Amino acid sequence: MATVIYDPEIDNTIFDPRQRPPLATGASSPAEITERIGGISEEPVANTPMAWWISFLAAAAVLGMFVMLIGYLIVTGVGVWGNNSPVFWGWPIVNFVFWVGIGHAGTLISAILFLFRQDWRTSVNRFAEAMTIFAVICAGTFPGIHVGRIWVVYWLAPYPNQMAMWPNFRSPLLWDVFAVSTYFTVSLLFWYLGMVPDIATLRDRATNKIRRTVYSIFAMGWTGSGREWHRFERAYIILAALAAPLVLSVHTIVSFDFAVSQLPGWHTTIFPPYFVAGAIFSGFAMVLTLIIPARELFGFKNLVTLRHLENMCKVITATGTMVGYAYAMEFFVAWYSGNKYESFVFINRAFGNYAWAYWTMITCNVISPQIFWFRKMRTTPWIMFTVSIFVNIGMWFERFVITITSLSRDFLPSSWEYFKPTWVDAAMLFGSFGMFFFFFLLFVRFLPMVAMAEAKGAIWYETHCHGDHGHGEHAGTHSSDQQLIADNS
Amino acid sequence: MSTEHDTSNDEPVEPKVAGVVAEYDSPDKMLAAADALRQAGFKKFDVHSPFPIHGADEAVGIRQTILPWIVLCFALAGSATALGMIWYLNKVDYPFQISGKPLFALPPAMPITFELTVLFSAISAFVSVFVLSNLPRFNNPLLRSNTFARSSDDRFVVAVDAADPLFSDDVEAKLAEFGPVTSEQVLDDGVKPQLPRPFKILVIVLGIFAVFPPTLAALRRRITTTETRIHPVLDMDAQVRSNAQQPVSTTIFADGKAARPQVNGTIARGDAVTDVALATGITPVDGKLPPRPTGLNPDGTPVEPEWVTAFPIEVTDSVMARGKERFDIFCVPCHGLGGDGNGLVTQRAMSLGSGQFWIQPISFHSAGVRSQPVGRIYDTITNGRRKMAGYADQISAEDRWAIVLYLRALQRSRVATPEDLDPETFQGLRSIQ
């Protein structure tokens, strides 16, 4: 090992090619990881932080409002929303794409970083996967209630029925049903499979009967045997390899909802990559929004270190710039196509009725992440948190701009209309955040927030084999993990 | 050894040794112990660790799992299911054209094929992890060992199953060679852990309630009833409406009328009158329809409008032929072929009720009708007269004039003289006689 030039315990964000920064700062033996992460869920109810209680009750109240609004919608009809000719896809679809986009970073962090052996993911992947699950639940709610007659929503599924009819498999909207439900299922399995060993840890530490029973059921009798781990690792890498293209496919298919239609502003081939970049962008921003307060509140800063946050900031800057490139390229294509309808739509976006939304989007998505070029900015948590909020807002507006501006200026000028949301639209968007945080707060309270087993393994092999490549009798089996441990390069 | 679990079974069974566990503080010691066991010929043993240990497979002698092959099979099954489903459902069973697209083609089938491939693979991978490892298993004696419990925390455990043929009392000593923190025998008292009593009661109660809906549904399927089916959601089956002869709902329209009056300043289709004489049979005044006169003449007859006396259409042979055809369709059933008021309907009605239910039409050849101007006859066809209904809805204005023309010809036929005919036709008629 090279001479220590800086103290990584204090700052592990400095890049020095001679020294690999540690995955975790401070003491992080297996026992300490168990204590720190497992301990959070084992705290008696009386010791729950007050901040958690306040957030949880607020989230539960907002969720209650959301449920009541859905009831109001079902009883009254979709007329309670601002959706009207020509903007039949209003906020519900904007909210759907917004949430599903957020849902993509979780599996991306888990799967793609896992395949690339980026071990720094172990501290944040569980957190991000949980975010995925809850974001996809929020996402699925909106098209579900947007169908109007929600009591026949099962018509979306191909099932033999008395009408002797089948769905149209050439429609992107049906692809969407398959894509989102597959994504939810696979994300859930991926999340749960990774969590089974950690639930087993909680089961073995449980001191009261209820906890022991519940965790026993969910741990399914896991004993951490060599045979179980062997199959687990096989299955996990297969799931990662399946989930990585799945992430790309799902947002591609979501973009097909727009791109396969023939509306100017939607009918473009750039949509799939542009949507995927946007999804990763918004998802990483949401991870930051969630994890920065959580690591403060529950005190696992030594596991989710500044370097983790810094890496995510870099991803945000990269994807934010990609999204900015896509915005510019849309303009170029509109001009280069020579199609006056296409050109009109884009000029209208930037300088028409909705210019305020367009420039909000540009400011939040393209300009704000650029401050992460400065090292100081991407290592100061409150600045990251602020930017992540901006990005969340900007990405919501991106979907708003795409959906509303194109629809409100369709082919028939006589039907042009300025879209106005109702209070129900706004309250439902707010309510979906209540649902998201309700589940999320339950998760941080009762389930292991950091993948303990993975973090233990990654840190163990990092600290016990550090700087000593290819040693010992088992070197051949873990050298691949060694090579790429969280390089900043 | 403590086996703290719910022992609701009153009779303790003789505990028997289920195996031996030894707890080490490093993976290397654990692997060395496992390696020694394997070389000694042990089969039923395993290493337990909080995270996957590199080299465990070789040390324990774990063979490559078939899991990836299972996943591959399910992946192929997923693709085949998706393609087969899309092809059969949209091409064979329920083909319908959308924008001229082919009923089945690979590109639009790809997204769902990909999704189902991933879905099948993921589920099979997930299930295989557990099924291949004989999980879930909730009554594992290992899980009741305190020594073993730390294997999910920070310790590395070797567990030897008593079912191994080489198992003996000195296994523990053998494991002790590698410097365990602690080791112990795992006892299996044969008691299976019981679920908590409230949970059991809850399951039973829920189970009983769960039986009701399917039972009721099954019963209803066997019973015939005259009652209407229960529709939880009526969709648009029951809507607010006005029924004939019923009080009218004021929730639909404020004035309580179901039939809507014509909107001011609008003209219904076909009501636009550009040629007053043609449309009404009344002579226009300044190109407009004069108001209909009211009151009675001194002789007690109603005051009549200024009827048109000349045909407002061009009179030709083809109009005459058209008039005859329309007359035969619309007029003959009551008025008769000759216009004498003795059509088949009239004959039948008169024979049934002797004029009690039916008023016999006036003969076209009566002096009153013969003296009517053409506009008056046209008005009769258009709006009806006495018991006769108007035919404006069924016969166009031009056709009504054509009928009037034919009717005039019929009237003339009764009072015609040979001079009215051209000589050739007259000679032809004579030869018939």
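Small disclaimer: the values here were computed from a predicted structure and weren't measured.
Annotation: maximal heavy-atom pairing with chain B below 4.5 Å, among A/Met165, A/Arg149, A/Glu35, A/Glu228, occurs at A/Met165. Chosen from A/Leu202, A/Asp204, A/Ile33, the residue pairing most often with chain B at heavy-atom distances under 4.5 Å is A/Asp204. In terms of heavy-atom pairs under 4.5 Å with chain A, the best-connected choice from B/Val60, B/Ile62, B/Leu89 is B/Leu89. Comparing A/Ser249, A/Ala164, A/Ala219, A/Pro167 by heavy-atom pairs within less than 4.5 Å of chain B, the highest count is held by A/Ser249. For the options A/Asn168, A/Leu239, A/Thr252, heavy-atom pairs under 4.5 Å to chain B are most numerous at A/Asn168. Contact tally against chain A (heavy-atom pairs below 4.5 Å) for B/Pro136, B/Pro102, B/Pro68, B/Ala159: the top residue is B/Pro136. Between chain A and the options B/Leu142, B/Val129, B/Val157, heavy-atom pairs under 4.5 Å are most frequent for B/Val129. Heavy-atom pairs under 4.5 Å with chain A peak, among B/Asn140, B/Asp57, B/Leu67, B/Ile112, at B/Ile112. Your options are B/Thr117, B/Val71, B/Ile98, B/Asn134, and the one with the most heavy-atom pairs under 4.5 Å with chain A is B/Ile98.
Annotation for A/Pro245 and B/Phe114: closest pair CB-CZ, 3.8 Å, computed over non-hydrogen atoms. The minimum heavy-atom distance between B/Ser152 and A/Thr201, with the atom names listed, is O-OG1, 2.8 Å. The heavy-atom pair separating B/Asp153 from A/Lys456 by the smallest distance is O-NZ, 2.9 Å. Residues B/Pro50 and A/Ala453 approach most closely at O-CB, 3.4 Å, considering heavy atoms. Of all non-hydrogen atoms in B/Arg63 and A/His230, the two that sit nearest each other are O-NE2, 3.5 Å. Of all heavy-atom pairs spanning B/Leu135 and A/Met220, the tightest one is CD2-O, 3.5 Å.
The backbone N or O of A/Ser225 sits nowhere less than 3.5 Å from a side-chain atom of B/Asp46 that would complete a donor-acceptor pair. Listed for the B/Asn90 side chain is a donor-acceptor partner under 3.5 Å among the backbone atoms of A/Phe169.
Residues B/Asp93 and A/Trp166 have side chains that bring a donor and an acceptor to within less than 3.5 angstrom of each other.
Heavy atoms of other residues, nucleotides or ligands lying less than 6.0 angstrom from CD1 of A/Ile210 number 12 at most. By the neighbour-count criterion of 12 heavy atoms within 6.0 Å, atom CD of B/Gln39 is densely surrounded, having more than that number from other residues, nucleotides or ligands. When the shell of 6.0 Å around CH2 of A/Trp151 is examined, it contains more than 12 heavy atoms from other residues, nucleotides or ligands. With a 6.0 Å radius and a threshold of 12 heavy atoms from other residues, nucleotides or ligands, A/Phe218 has its CZ atom at or below the threshold.
In this structure, A/Arg170 is positioned above the aromatic face of B/Phe96, its NZ or CZ under 6.0 Å from the six-membered ring centre and within 45° of the axis.
We find the OG-CG distance between B/Ser121 and A/Leu189 to be 11.5 Å, quoted to the nearest 0.5 Å. We find the NE2-CH2 distance between B/His48 and A/Trp222 to be 11.0 Å, quoted to the nearest 0.5 Å. Rounding to the nearest 0.5 Å places CH2 of A/Trp460 at 12.0 Å from NE2 of B/His54.
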**OP:** Give the C-alpha distance, both sets of side-chain angles, the deciding distance and a yes or no for side chain to side chain contact (heavy atoms under 4.5 Å, CB included) between A/Ile253 and B/Glu115.
**Re:** CA-CA 10 Å; A/Ile253 290 173; B/Glu115 299 303 328; 3.3 Å; yes
Subject >> Criterion side chain to side chain contact (heavy atoms under 4.5 Å, CB included) on B/Gln64 and A/Arg234, from CA distance to verdict >> reply: CA-CA 10 Å; B/Gln64 274 290 348; A/Arg234 278 298 158 135; 3.2 Å; yes
Original post:
B/Phe130 and A/Leu193: side chain to side chain contact (heavy atoms under 4.5 Å, CB included), yes or no, with the steps?
Top reply: CA-CA 10 Å; B/Phe130 296 98; A/Leu193 181 66; 3.8 Å; yes
Subject >> Step-by-step side chain to side chain contact (heavy atoms under 4.5 Å, CB included) determination, A/Glu454 to B/Phe51 >> reply: CA-CA 7 Å; A/Glu454 278 185 51; B/Phe51 52 89; over 6 Å; no
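A/Pro158 places a side-chain heavy atom less than 4.5 Å from the side chain of B/Met85. Between A/Arg203 and B/Leu143 there is a side-chain heavy-atom pair separated by less than 4.5 Å.
Considering A/Trp191, A/Phe232, A/Tyr192, A/Tyr236 as possible partners of B/Phe126, the one that fulfils the ring pair (Phe, Tyr, Trp, His ring centres under 6.0 Å) test is A/Tyr192. Screening A/Thr182, A/Leu242, A/Leu246 for a side chain to side chain contact (heavy atoms under 4.5 Å, CB included) involving B/Leu119 leaves a single residue, A/Thr182.
When heavy atoms are compared at a cutoff of 4.5 Å, B/Phe156 approaches chain A solely by way of its side chain, counted from C-beta outward. Residue contact with chain B, scored on non-hydrogen atoms closer than 4.5 Å, involves the backbone and the side chain of A/Trp175 alike. Contacts between B/Ser49 and chain A at a heavy-atom distance below 4.5 Å involve backbone atoms as well as side-chain atoms. A/Val260 does not touch chain B: none of its heavy atoms, backbone or side chain, sits under 4.5 Å away.
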